[in-house]
There are 2 protein chains.
Amino acid sequence: MDSLDRAIIDELVRDGRVTNVELASRVGLTAGPCLRRVQRLEADGVIRGYHASVDPHAVGRGFEVILHVDLVTQEAAVVTDFEREAAALEEVSEFKRLFGTPDYFLRIAVADLAGYEEFLTGRIMSIRGVGKVSSHFSMKNLKG
Amino acid sequence: MDSLDRAIIDELVRDGRVTNVELASRVGLTAGPCLRRVQRLEADGVIRGYHASVDPHAVGRGFEVILHVDLVTQEAAVVTDFEREAAALEEVSEFKRLFGTPDYFLRIAVADLAGYEEFLTGRIMSIRGVGKVSSHFSMKNLKG
DNA sequence: TATGTGCATGGACAGCCTTGACCGCGCAAT
DNA sequence: ATTGCGCGGTCAAGGCTGTCCATGCACATA
């Protein structure tokens with residue numbers, strides 16, 4: 001993992017579909033060694049994959065909400081049930097258990113406010129053991 | 001935006017480096033029309049780009065913390081200064097202004113706990129106007 | 001000095017992409 | 001029924017890429 005590897009990674013993060021010859025010329029290598037490095041980075045798990053990034057609005061996921069959830073108990077059955085059910089919801093794009101408060105951090109991606117209201121009452125608050133929930137609406141993205 | 005477009009998008013999100021011929025066969029098209037659709041989706045901004053996904057640990061960003069920040073005042077100069085300075089920090093991978101409390105949501109990606117402590121005291125709390133900060137450490141990722 | 005690592009170069013082959021043109025089908029409007 | 005339009009299928013030519021190989025060189029290390 002030297003500066004050439006980092007340059008390759010930076011380029012591939014910026015443009016995941018760049019051709020090997022173009023990538024090589026951008027980082028100051030020729031195609032052969034460049035390809036070897038990329039394959040090594042992939043094999044080592046440094047590069048996990050390549051993905052298209054899609055406009056959320058175009059796929060009905062333009063309304064994003066950060067949701068904090070507390071459970072009313074830490075009883076094992078309640079915890080595992082909640083985690084399984086919430087993780088299975090496709091509107092849940094990120095789902096973490098936290099140390100301390102709140103118990104859970106969820107990122108919800110739905111089409112609009114109505115969709116969120118429906119999701120929150122119908123999908124989340126109907127799960128057994130869900131206590132306090134707190135929704136945080138984004139005013140503006142300042143980065144990312 | 002029909003079911004073919006959605007299938008193409010799903011495939012490209014899953015594997016952003018799939019070849020056009022392979023993509024076409026997966027969604028049940030031939031190469032020509034498939035390429036036309038991909039180009040249209042790109043031109044329309046539905047597909048924003050293609051990016052490699054990198055193991056955070058391999059690039060010194062394996063320790064992620066969710067950080068809530070409140071400012072001591074909503075004075076315009078303080079607000080704009082804070083937003084500009086925080087957005088410029090490379091450890092900040094996501095940065096939103098929220099409605100209500102807290103004022104700001106930040107995602108911080110550093111190497112380890114020591115790096116976070118240094119970041120928090122040296123980079124965030126030293127910005128003028130920063131009041132209450134609250135760090136949320138992830139216990140485990142349940143999705144995403 | 002001997003060795004291992006990593007890169008440059010050149011060549012070669014198979015395969016893919018791109019582009020364009022032309023054809024046929026289904027559907028909606030007239 | 002007919003016309004026009006949108007969309008997919010097919011075909012072909014040309015260029016480029018990905019991949020692999022062998023060889024030689026520079027550099028750090030033992």
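So you know, we letter chains A, B, ... as the sequences are listed, proteins then strands, and number each from 1.
The distance from atom CD of A:E22 to atom C1' of D:dC16 is 13 Å, rounded to the nearest whole Å. Here the C1' atom of nucleotide D:dG18 and the CZ atom of B:R17 are 10 Å apart, to the nearest Å. The separation between B:L41 atom CG and D:dC7 atom P is 12 Å, rounded to whole Å. Rounded to whole Å, the distance from CG on B:N20 to P on D:dT10 is 15 Å. Distance CD (A:E42) to C1' (D:dT19): 14 Å, rounded to an integer number of Å. If you measure from atom CG of A:D2 to atom C1' of D:dA28, you get 15 Å, rounded to the nearest angstrom. One atom, CZ of B:R40, and another, C1' of D:dG8, lie 13 Å apart when rounded to the nearest Å.
Across all strands shown, B:Q39 has heavy atoms under 4.0 Å from sugar-phosphate atoms exclusively, and none from any base. Across all strands, B:T30 comes closer than 4.0 Å to base atoms (heavy-atom distances). Heavy atoms of B:L4 sit under 4.0 angstrom from primed sugar atoms or phosphate atoms, though from no base atom.
Side-chain rings of B:H51 and A:H51 stay apart, their centers remaining 6.0 Å or farther from each other. For B:F82 and B:Y104, the gap between ring centers is short of 6.0 Å.
A:D55 meets the side-chain hydrogen bond (donor to acceptor under 3.5 Å, both in side chains) test with B:R48; sequence neighbours excluded.
Map B:L35 and A:R36 each onto its nearest nucleotide of DNA chain C; the residue landing nearer the 5' end is A:R36. For the pair A:G28 and B:V18, both in contact range of DNA chain C, the more 5′-proximal nearest nucleotide belongs to A:G28.
Between B:T19 and the phosphate of C:dC17, there is a side-chain N or O to OP1/OP2 separation shorter than 4.0 Å.
Annotation: side chain to side chain donor-acceptor pair (under 3.5 Å) contacts involving residues 109-121 of chain B, sequence neighbours excluded, comprise B:Y116-B:S135.
More than 12 heavy atoms of other residues, nucleotides or ligands shown are found within 6.0 angstrom of CZ on A:R17.
Counting only heavy atoms from C-beta on, B:V21 has its side chain closest to C:dC16 among C:dC16, C:dC7, D:dG18. Nearest nucleotide to the side chain of B:L29, out of C:dA8, D:dG18, D:dG9: D:dG9.
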